[in-house]
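The analysis underlying the following values was restricted to heavy atoms, covering all of them including side chains, and did not include hydrogens, waters or symmetry mates.
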Amino acid sequence: MDISSILNSYSTELQKTQLDKLSNLSSSNSSEETTESAFKMQLMLSMIQQMFKDSDAYSIVMQSFASAMKSSNFSFDGLFNTNTTTSSYSNVGSSSLTSSSNSETSNSIYDGVDEKVATAIDKACKKYNMDPSFIMAVIKQESNFNSNAVSSAGATGIMQIMPFNFAGLGITDPYDVEQNIDGGTKMLSNLLDVYQDKKMALAAYNAGSGTLANRNITGEQDFDRLPSETQDYVKKVSAYEEMYNKYV
């Protein structure tokens, strides 16, 4: 099998990672095992490409896949293990996610998410009439589902809420998953009411409404005046939301 022909449509970095991985396999396994692994790799990459096509989410998923392949314990077999729950997330630490086959929430978007987190998201979204994919995307970017996260600026918990917002959002313990998700979802709901636009709400959530006002940001056409960190934040959250929407 000509492995390089399989990889023509993918990035140079990913090609090198895959070829190195297959080279290692061929030096230690039989040609039959190497061919099988190559087939599995081709199938997985084809599935990813068909699912995300040219969207922003595609590049994020491919980068995560390339990173995973560099791990010494990476296994193609693990990608096709039908005996485990398939996670819809990339690059999520094992300490922050556990299998949740008994979750009370039935939406497949929550597969692989800790049951307490899934339940809190579902509850808050129903309470504030918000889209779970949107909240999941924010959480993914903010803390990677780590309820103990604290940023250098002091943003705390799974939705990275600043301490000066705790009282107004009814948060007494920012590390409490339900309180933090309820507070973050409420804040995003309020921002959507103000701006009537998801990307504007995201920009305000990240940079603060004061920053938007001071820089006269009235819509996406003005985003080049936002801090580069906020521009990147909005793009990534939007890509994650698109990714999660495929599971709804």
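- The minimum heavy-atom distance linking Val234 with Phe223 is given by the pair CG1-CE2, 4.1 Å.
- Side-chain contact check for Phe134 versus Leu192: some heavy-atom pair is nearer than 4.5 Å.
- Residue pairs that meet the side-chain hydrogen bond (donor to acceptor under 3.5 Å, both in side chains) test with at least one member in residues 189-201, sequence neighbours left out, are Tyr195-Ser209, Lys198-Glu241, Lys199-Glu220.
- No donor-acceptor distance shorter than 3.5 angstrom exists from the side chain of Ser143 to the backbone of Ser147, with no hydrogens or angles considered.
- Glu142 contributes no side-chain N or O that, together with a main-chain N or O of Ile158, makes up a donor-acceptor pair within less than 3.5 Å.
- Between the Asn180 side chain and the Thr156 main chain, a donor and an acceptor come within less than 3.5 Å of each other.
- One N or O on the side chain of Thr185 and one on the backbone of Ile181 form a donor-acceptor pair closer than 3.5 Å.
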- request: Any chance you could lay out the side-chain contact (heavy atoms from CB on, under 4.5 Å) test for Thr119 and Ile121, step after step, and finish with the verdict?
  value: CA-CA 5 Å; Thr119 301; Ile121 294 171; over 6 Å; no
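- Contact record, Ala118 with Val113: N-CG1, 3.9 Å, taken as the closest heavy-atom pair.
- Counting only heavy atoms from C-beta outward, the side chains of Pro132 and Ile135 never approach each other to under 4.5 Å.
- Within the 3.5 Å criterion, the main-chain N or O of Lys236 finds no donor-acceptor partner in the side chain of Gln141.
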Criterion side-chain contact (heavy atoms from CB on, under 4.5 Å) on Leu212 and Leu226, from CA distance to verdict: CA-CA 8 Å; Leu212 270 63; Leu226 284 171; 4.0 Å; yes
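- Linking ILVMFWY side-chain heavy atoms closer than 4.5 Å, directly or via other members, places Met159 and Met162 in two distinct hydrophobic clusters.
- Salt bridge annotation for Lys235-Asp232: absent, with no cationic side-chain nitrogen under 4.0 angstrom from a carboxylate oxygen.
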- prompt: Between Ile109 and Ser133, is a side-chain contact (heavy atoms from CB on, under 4.5 Å) present by the stated rule, with each step listed?
  reply: CA-CA 8 Å; Ile109 191 176; Ser133 296; 3.4 Å; yes
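- Heavy-atom neighbours of Asn129 CG from other residues, nucleotides or ligands within 6.0 Å: at or below the threshold of 12.
- Using a cutoff of 4.0 Å between basic side-chain nitrogens and carboxylate oxygens, Asp222 and Arg215 are not scored as salt-bridged.
- A salt bridge between Lys186 and Asp182 is absent, with no side-chain N of the basic residue lying under 4.0 Å from a carboxylate O of the acidic one.
- Under the 4.5 Å side-chain criterion, counting only non-hydrogen atoms from C-beta, Tyr110 is not in contact with Tyr247.
- Between the side chain of Gln160 and the backbone N or O of Ala149 there is at least one donor-acceptor pair closer than 3.5 Å.
- Salt bridge status for Glu178 with Lys116: absent, with no side-chain N to carboxylate O gap under 4.0 Å.
- Rounding to the nearest 0.5 Å places CD of Glu229 at 5.0 Å from CG of Asn206.
- Linking ILVMFWY residues whenever their side-chain heavy atoms come closer than 4.5 Å, directly or via other members, leaves Val150 and Val138 in distinct clusters.
- Here the shortest heavy-atom pairing between Ile161 and Met187 reads CG2-CE, 4.3 Å.
- Smallest separation of non-hydrogen atoms from Leu202 and Tyr233: O-CE2, 3.5 Å.
- Minimum heavy-atom separation, Ile217 to Arg225: CD1-CB, 3.7 Å.
- Aromatic ring orientation, Tyr244 versus Phe145: perpendicular (interplanar angle above 60°, classes split at 30° and 60°).
- When all heavy atoms of Val177 and Ala120 are compared, the pair lying nearest together is CG1-CB, 4.0 Å.
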